Amino acid sequence: MSVEAWTTLFVLLSFILYLYIGWRSRVRDSQGFFVADRGVPAIANGAATAADWMSAASFISMAGLISFLGYDGSIYLMGWTGGYVLLALLLAPYLRKFGKYTVPDFVGDRYYSNVARLVAVVAAIFVSLTYVAGQMRGVGIVFSRFLQVPVETGVIIGMVIVGFFAVLGGMKGITWTQVAQYGVLIVAYLIPAVAISTFLTGNPIPQLAFGFSDIVDKLDGVQVDLGFAAYTQPFANKSMLDVLFIAIALMVGTAGLPHVIVRFYTVPSPRDARFSAGWALLFIAILYTTAPAVAAFARYNLIESLHDRPVAEVQQLDWAQKWENTGLLEFKDTNNDGRYQLTPDEATNEIVINADIVVLSTPEVAKLAPWAIALVATGGLAAALSTASGLLLVISSSVAHDVYYRLINPQASESKRVMVGRVMVGFAIVIAGYFGVNPPGFVAQVVAFAFGLAAASFFPAIVLGIFDARTNREGAISGMLVGLVFTTIYIIGVKFYGMEPWFSGISAEGIGTVGMVLNFIVTWVVSRLTPPPPEAIRQMVENLRLPGDAPPALVDVGEEELD
């Protein structure tokens, strides 16, 4: 069977599984739709959290970024894994103990303010739409290459599938679908990684082959010979300050991502939240310790396969021609010498490789069996769809629960709340599909922007909301607005309007750290210059950190205290 036939088979089987789980998990009440009845076991929630968090950026793009950036690409490993630890240890148990449905729910009640709730809703939608654009783009890329359909068609197929189990089952359907998707994506990532590790080094364990073989030394030598910086040379592509700021933005952005935080609302207790965090970290580590090896192996193999090859030979490579058809791999014999050369100079470089194809093309370049190549495509889809579904539910719950139910119609019935949630999922899918077809960057870049926005908006409000009883609504609102507006303007200006990175050369991916610091400063200062929170709110915050699983008493601060 051909690669396309195997891919079609695996994709159909996996989609049938996802649709079956979505159908079996359909719900009718709001608690099932928004927090899966708070009945997900810790280990299952760990797997679902890992799938939700390891998006198309982790599966498709992260190894590609590391492959292109070398040492500097390690910021994505350190930032995303470090951020998850920060979330699991510092925030998740307290947020679960608070007992709400969403992050805006926490912000609105903690800061006794409907305005704060609305600001949090806007931030959640902004972050989620930015993030989901990367996922839909990943879906389009996989379908475009492996089923030979236009990217637009691939995005539409992904929209239909994820919409089905998100609309029917809400968080319950999404959770159990994500458990299945984790199994698919981790198997799909590991099998080719083991195969290419064995092919290049003779060692079937990628982590050991990466550290104890000579492959990295060979790659250093090849890169230097071609005029690139050595693969292991630090700060060759980014300044040390930018590397630091991007890593911090990714860390605190992870700890502020609403679609990851909401996963800890689905377990029975704060104790289960801690255990599920541990399970998720284990499940995540399996892929994240493999990615650096895959990045180095793929870089070496691509250079060896394409550089200085005759044009006629490259044109005979089936995988190269199919990737060229997607527009993500380009060849141009600019000097007319009949050979393709890879160089660091854009003017003379004749091989243009998009970072998003590195992982997906690696099995083909290594000449693995067609079924292994198809398995990687299926895993990439699982990673993209699992995260997309979680993000869509955040958008849905932000509008249906935090705006419609909490602000517009508090008497809404269970069925009406769920109906509004489902309508909002459909609306969000359409917007996500548009950005999947017209993305503002490649997958991991788009996702990095979302982390920056989450860092600049949610993280300070959540941390201070838990650990500083003196922080009030005026401070939280001011801080979130300043952080979100500053970061958004900087990112849009740099990425779309040609603005120079004027803040010490910090890139758009790293500016979220500055936005976060501004948020902290503004929140703290404004809170000290304005009246303190009501005593009942301060006592609730103190009780939140006491041992035990019982939620703190939620207080009615009175109409005169609400804005």
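Keep in mind that what you see is a predicted model, and the values were worked out from it rather than measured.
With a 4.5 Å cut-off on side-chain heavy atoms, Phe68 and Val358 count as touching. Counting heavy atoms from C-beta on, the side chains of Ile157 and Phe15 come closer than 4.5 Å. Counting heavy atoms from C-beta outward, Val541 and Ile466 have side chains that stay 4.5 Å or more apart. A heavy-atom distance below 4.5 Å is not found between the side chains of Tyr20 and Thr177. A heavy-atom distance below 4.5 Å is not found between the side chains of Phe245 and Ile511. Using a 4.5 Å heavy-atom cutoff, the side chains of Val85 and Thr81 are not in contact. Using a 4.5 Å heavy-atom threshold, the side chains of Met62 and Leu287 count as touching. In this structure, the side chains of Pro292 and Leu77 come closer than 4.5 Å at one or more pairs of heavy atoms.
Counting non-hydrogen atoms of neighbouring residues, nucleotides and ligands closer than 6.0 angstrom, the CZ atom of Phe467 exceeds 12 such neighbours. No more than 12 heavy-atom neighbours from other residues, nucleotides or ligands sit within 6.0 angstrom of CZ on Phe275.
Between the side chains of Ser269 and Arg38, no donor-acceptor pair is found at a separation under 3.5 Å. Between Ser276 and Asp272, the side chains place no donor N or O within less than 3.5 Å of an acceptor N or O (distance only, hydrogens not considered).
The aromatic rings of Trp279 and Phe283 lie parallel to each other, with less than 30° between the two planes, well short of the 60° mark. Between Phe520 and Phe459, the two ring planes are perpendicular [angle over 60°; tilted spans 30° to 60°].
A salt bridge links Asp402 with Arg117: at least one charged nitrogen is closer than 4.0 Å to a carboxylate oxygen.
Two rings, from Tyr84 and Trp80, have their centers 6.0 Å or more apart.
With hydrogens and angles disregarded, no donor-acceptor distance shorter than 3.5 Å links the side chain of Asn519 to the backbone of Pro460. A distance-only check finds no donor-acceptor pair linking the side chain of Asp52 to the backbone of Gln178 [under 3.5 Å]. Ser397 places a side-chain N or O within 3.5 Å of a backbone atom of Val394 that can act as its donor or acceptor partner. Listed for the Thr513 side chain is a donor-acceptor partner under 3.5 Å among the backbone atoms of Ala249. Under the 3.5 Å distance criterion, the side-chain polar atoms of Arg96 are left unmatched by any main-chain donor or acceptor of Ala273.
Not counting sequence neighbours, the partners of Ile205 by the side-chain contact (heavy atoms from CB on, under 4.5 Å) test are Asn203, Gln207, Leu208.
The CG atom of Leu69 sits 9.5 Å away from atom CZ of Arg299, with the distance rounded to the nearest 0.5 Å.
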